[in-house]
K.L.:
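First the structure, then my questions, so here it is.
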Amino acid sequence: MVSQDQRREALYDLIQLRRPLAELSARLLTFEWSSQEELATAFAQDIGHALEEFSAGKISADDLCAWAEELQGREDIALNPRDRDFLADALFQLSTPEICGPADEVAVALRLWLT
């Protein structure tokens, strides 16, 4: 059985993109989907970091979309209350390019908000 600390570490690895996304997703599949509590918190700076990784070519538009989907759908990840509206909107925009437009266009708008 996986400890809460191991799960928390895996969640922060995801939030902060500390490992390749495929590796992170595979690791998170080893945990139960549902959670009684939020074990990690996403902040606006995490969006900024993901956008920097995308701009630098370290992750693709598809990876950025998958990352946002992964964060958006997890019960064990909280959104920082101070940034909640921005985070929810940013994750929605990044995870739905078919609605909100390509990642490079969305990234420009999100970067403006972050500055």
Side-chain angles (χ1 to χ4, degrees):
M1 181 168 192
V2 178
S3 74
Q4 291 291 72
D5 288 339
Q6 290 171 315
R7 184 173 178 163
R8 182 176 291 109
E9 180 182 343
L11 292 170
Y12 278 114
D13 284 347
L14 171 67
I15 292 168
Q16 298 169 359
L17 280 170
R18 295 190 281 207
R19 302 187 193 289
L21 189 58
E23 179 184 327
L24 295 168
S25 295
R27 185 172 175 202
L28 290 169
L29 286 174
T30 65
F31 306 122
E32 288 184 38
W33 180 255
S34 62
S35 178
Q36 297 298 322
E37 61 183 306
E38 296 167 332
L39 300 173
T41 303
F43 294 85
Q45 67 206 34
D46 298 316
I47 298 288
H49 175 70
L51 295 175
E52 289 171 10
E53 296 287 294
F54 172 66
S55 293
K58 294 179 181 177
I59 62 172
S60 68
D62 288 342
D63 287 339
L64 185 61
C65 176
W67 172 80
E69 285 178 352
E70 192 77 43
L71 261 69
Q72 189 175 33
R74 299 201 61 90
E75 294 177 350
D76 47 8
I77 295 178
L79 301 180
N80 178 31
R82 194 180 74 203
D83 302 323
R84 183 181 313 278
D85 291 341
F86 167 75
L87 287 163
D89 188 50
L91 292 173
F92 173 76
Q93 288 184 47
L94 292 170
S95 67
T96 56
E98 64 281 357
I99 296 171
C100 298
D104 54 341
E105 292 176 13
V106 171
V108 169
L110 293 176
R111 273 193 213 97
L112 288 173
W113 191 92
L114 286 167
T115 56

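Values reported hereafter were calculated over all heavy atoms of this structure, with side chains retained and with hydrogens, waters and symmetry mates removed. What you see is a predicted model, and the numbers here were worked out from it, not measured in a lab.
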K.L.:
How would you list, by chain and number, every residue that makes a side chain to side chain contact (heavy atoms under 4.5 Å, CB included) with Ala66, sequence neighbours excluded?
P.N.:
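Here the qualifying residues are Leu21.
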K.L.:
Honestly curious: do Trp113 and Leu51 fall in one hydrophobic cluster under the side-chain, below-4.5 Å linking rule?
P.N.:
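As far as the 4.5 Å side-chain criterion goes, Leu51 and Trp113 are connected within one cluster.
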K.L.:
As an exercise, state the distance from OG1 of Thr30 to CD of Gln6, rounded to the nearest 0.5 Å.
P.N.:
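One finds 8.5 Å between OG1 of Thr30 and CD of Gln6.
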K.L.:
Residues two or more places apart in sequence or in another chain: which of them pass side chain to side chain contact (heavy atoms under 4.5 Å, CB included) with Pro102?
P.N.:
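Here the qualifying residues are Asp104, Glu105.
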K.L.:
Who pairs with Glu52 by side chain to side chain contact (heavy atoms under 4.5 Å, CB included), at least two apart in sequence or on another chain?
P.N.:
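Counting only residues at least two positions away or on another chain, Glu52 forms a side chain to side chain contact (heavy atoms under 4.5 Å, CB included) with His49.
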K.L.:
Does one hydrophobic cluster hold both Ile77 and Phe43, with members joined at side-chain heavy-atom distances below 4.5 Å?
P.N.:
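Looking at the clustering, Phe43 is in a separate group from Ile77.
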K.L.:
Using the side-chain contact (heavy atoms from CB on, under 4.5 Å) rule, take Leu91 and Leu79 through it: C-alpha gap first, then chi angles, then the decisive distance, then the call.
P.N.:
CA-CA 10 Å; Leu91 292 173; Leu79 301 180; 4.0 Å; yes
K.L.:
Are side-chain heavy atoms of Leu87 and Leu71 found at a separation under 4.5 Å?
P.N.:
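No. Closest side-chain heavy atoms not under 4.5 Å.
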K.L.:
Consider only side-chain heavy atoms of I, L, V, M, F, W and Y, link residues closer than 4.5 Å, and tell whether Leu11 and Phe31 are in one cluster.
P.N.:
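Yes, Leu11 and Phe31 fall within the same hydrophobic cluster.
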K.L.:
Please lay out, stage by stage, how Leu94 and Val106 fare under the test side-chain contact (heavy atoms from CB on, under 4.5 Å).
P.N.:
CA-CA 7 Å; Leu94 292 170; Val106 171; 3.8 Å; yes
K.L.:
For Ile59 and Ala50, work out which heavy atoms get closest and say how close.
P.N.:
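Shortest heavy-atom contact: CD1-O, 3.8 Å.
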K.L.:
Keeping to residues at least two apart or across chains, list the salt bridge (charged side-chain N to carboxylate O under 4.0 Å, His left out) pairs with something in residues 72-91.
P.N.:
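Matches after skipping sequence neighbours: Arg7-Asp76, Glu70-Arg74, Arg74-Asp76.
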K.L.:
What distance separates Ser95 OG from Glu69 CD, expressed to the nearest 0.5 Å?
P.N.:
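Rounded to the nearest 0.5 Å, the OG-CD separation comes out at 5.5 Å.
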K.L.:
Within a reach of under 6.0 Å around CD of Gln36, are more than 12 heavy atoms found that belong to other residues, nucleotides or ligands?
P.N.:
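For Gln36, atom CD is not crowded (no more than 12 foreign heavy atoms under 6.0 Å).
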K.L.:
Which residue pairs satisfy the salt bridge (charged side-chain N to carboxylate O under 4.0 Å, His left out) criterion with at least one member in residues 16-27, sequence neighbours excluded?
P.N.:
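For residues 16-27, and leaving out neighbouring residues, the salt bridge (charged side-chain N to carboxylate O under 4.0 Å, His left out) pairs sorted by first residue read Asp13-Arg18, Asp13-Arg19, Asp13-Arg27, Arg19-Glu23.
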K.L.:
Can you find a pair of side-chain heavy atoms, one from Trp67 and one from Leu14, that are under 4.5 Å apart?
P.N.:
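Answer yes - side chains close enough.
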K.L.:
Checking one residue: Phe92. Which other hydrophobic residues are in its cluster under the side-chain 4.5 Å linking rule?
P.N.:
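Noted: Phe92 shares its cluster with Ile99.
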K.L.:
At their closest point, which heavy atom of Pro97 faces which heavy atom of Cys65, and how far apart are they?
P.N.:
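In terms of heavy atoms, the two residues are closest at CD-SG, 3.7 Å.
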K.L.:
For the atom pair CD (Glu53) and CG (Asp63), what is the distance rounded to the nearest 0.5 Å?
P.N.:
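Rounded to the nearest 0.5 Å, the CD-CG separation comes to 10.5 Å.
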K.L.:
Are side-chain heavy atoms of Leu114 and Phe86 found at a separation under 4.5 Å?
P.N.:
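Sidechains of Phe86 and Leu114: in contact.
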K.L.:
Side-chain contact, heavy-atom cut-off 4.5 Å: Leu39 with Tyr12?
P.N.:
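Leu39 does not reach Tyr12 side chain to side chain.
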